[in-house]
Amino acid sequence: MTTEFTTHLTEAVVDSLKDTADPRLRELLAALTRHLHAFVRETEPTMEEWEQAIGFLTATGQTCTDTRQEFVLLSDVLGVSMLVETINSSEHGTESTVLGPFHMTESPVRELGADIDLVGGDEPCVVSGRVLSRDGTPLPGAVLDVWQANDQGFYDVQQPEVQPAGNGRGLFTADTEGRFWFRTCVPSPYPIPTDGPVGDLLRATGRHPYRPAHIHFIASAAGHTPVTTHIFVAGSDHLDSDAVFAVKESLVQDFTETDDPSLAREFGVPNPFRHARFDLVLNPVQS
Ligand code: BEZ
Ligand code: FE
């Protein structure tokens, strides 16, 4: 039922924010109020539906632990994370994509060429490339934080009793020509966690929980804006239906079947191997 009361309610709440000292906080809260009220007016939830919504958000919070962030997951499956990420990214350089909930531990420092797959996954591969500034200048000393799931689709933090801490993770420093290279196993698609409220949401909406195969990166270098991104394995299942909407065409890379015994020896991998080569391009900080 719409009454004079409900008509004036929105402006009364917005008005109550007028003494908020921080103008940005005032702007955010006022817009949130208007959008929330518009949503309620449009959908007219019943009291039971409202209680269900509060119960869902409560359960989402209660599912969060030191190693699990169900609210980030909720933001991811609703496409909000990608919206925020993309609004805050540059049109130039390597495109960004979601951080995800599993960058929650410090990656171990590793030498260039090290293997981040500590348990010997199915398909060995080499990932190599350069970190460049937007004009193509190499960035020596650029730092790459890398993390991926194992070939069963789990991150080390999800299986502390099964995987050694740091499995699938590495912190690398590019060489004097901005080059990086490391060994790992070809990642596989995996489902995001579905044993919490976000899983209930996916089931209720008939959505699958899979992410296409990918490796995460945060690339940073002095004087440049860091980029948080992934590379996706070309040909992977679910590239066109990522559960968290994070695929951007430019981030899909070939993991090329390579039969080259001397290159395999150089990288310390069995021949043949898969090889992903790509450059990460960072934008100089605007002065
Ligand atoms: C991930 O790729 O680690 C991830 C991203 C968003 C939600 C769940 C997992
Ligand atoms: Fe991931």
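This one's a predicted model, so the numbers in the text were calculated from it and none came from an experiment. Every number for a ligand or one of its atoms is a count from 1 in the order of the listing.
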Report summary line: protein heavy-atom neighbour closest to atom 1 (C) of ligand 1 works out as Y190 OH, 2.8 Å
Query raised in the report: Does R130 reach the main-chain N or O of E177 with its side chain, forming a donor-acceptor pair under 3.5 Å?
Result: no
Query raised in the report: T10 and R41: side-chain donor and acceptor closer than 3.5 Å?
Result: yes
**Report entry** Side-chain (T258) to main-chain (T256) donor-acceptor, under 3.5 angstrom
**Finding:** yes
Query raised in the report: What part of L73, side chain, backbone, both or neither, has a heavy atom within less than 4.0 angstrom of ligand 1?
Result: side chain
Query - Electrostatic pair D156:R169 at N-O distance under 4.0 angstrom - result: yes
Query raised in the report: When you look at CD of Q52, are more than 12 heavy atoms from neighbouring residues, nucleotides or ligands closer to it than 6.0 Å?
Result: no
Query raised in the report: With a 4.0 Å cut-off on heavy atoms, is W147 touching ligand 1?
Result: no
Requested in this report: Output the atom name for the N/O/S atom of H214 with the smallest distance to the Fe ion (ligand 2).
Outcome: NE2
**Report entry** Distance filter under 4.0 Å to G100 heavy atoms, resulting ligand 1 atoms
**Finding:** 5 (C), 6 (C)
Query raised in the report: For atom 7 (C) of ligand 1, what is the nearest protein heavy atom, given as residue, atom name and distance?
Result: D76 OD2, 3.1 Å
Query raised in the report: Polar-atom distance check: Y155 versus ligand 1, any N or O pair below 3.5 Å?
Result: yes
Query raised in the report: Can you tell me if an N/O/S atom from Y190 lies under 2.8 Å from the Fe ion (ligand 2)?
Result: yes
Requested in this report: State which residue, out of V281, D175, V227, L144, fulfils the side-chain contact (heavy atoms from CB on, under 4.5 Å) condition with V131.
Outcome: L144
Query raised in the report: Quick one: does T86's side chain have a donor or acceptor within less than 3.5 Å of a partner on L83's backbone?
Result: no
Query raised in the report: Is the Fe ion (ligand 2) less than 2.8 Å from at least one N/O/S atom of H216?
Result: yes
Query raised in the report: Which ligand 1 atoms are under 4.0 Å away from a heavy-atom of H216?
Result: 1 (C), 2 (O), 3 (O)
Query - Of the listed options S81, P101, P193, closest to atom 4 (C) of ligand 1 (non-hydrogen atoms) - result: P101
Query raised in the report: Between E11 and R34, is the closest basic N to carboxylate O distance under 4.0 Å?
Result: yes
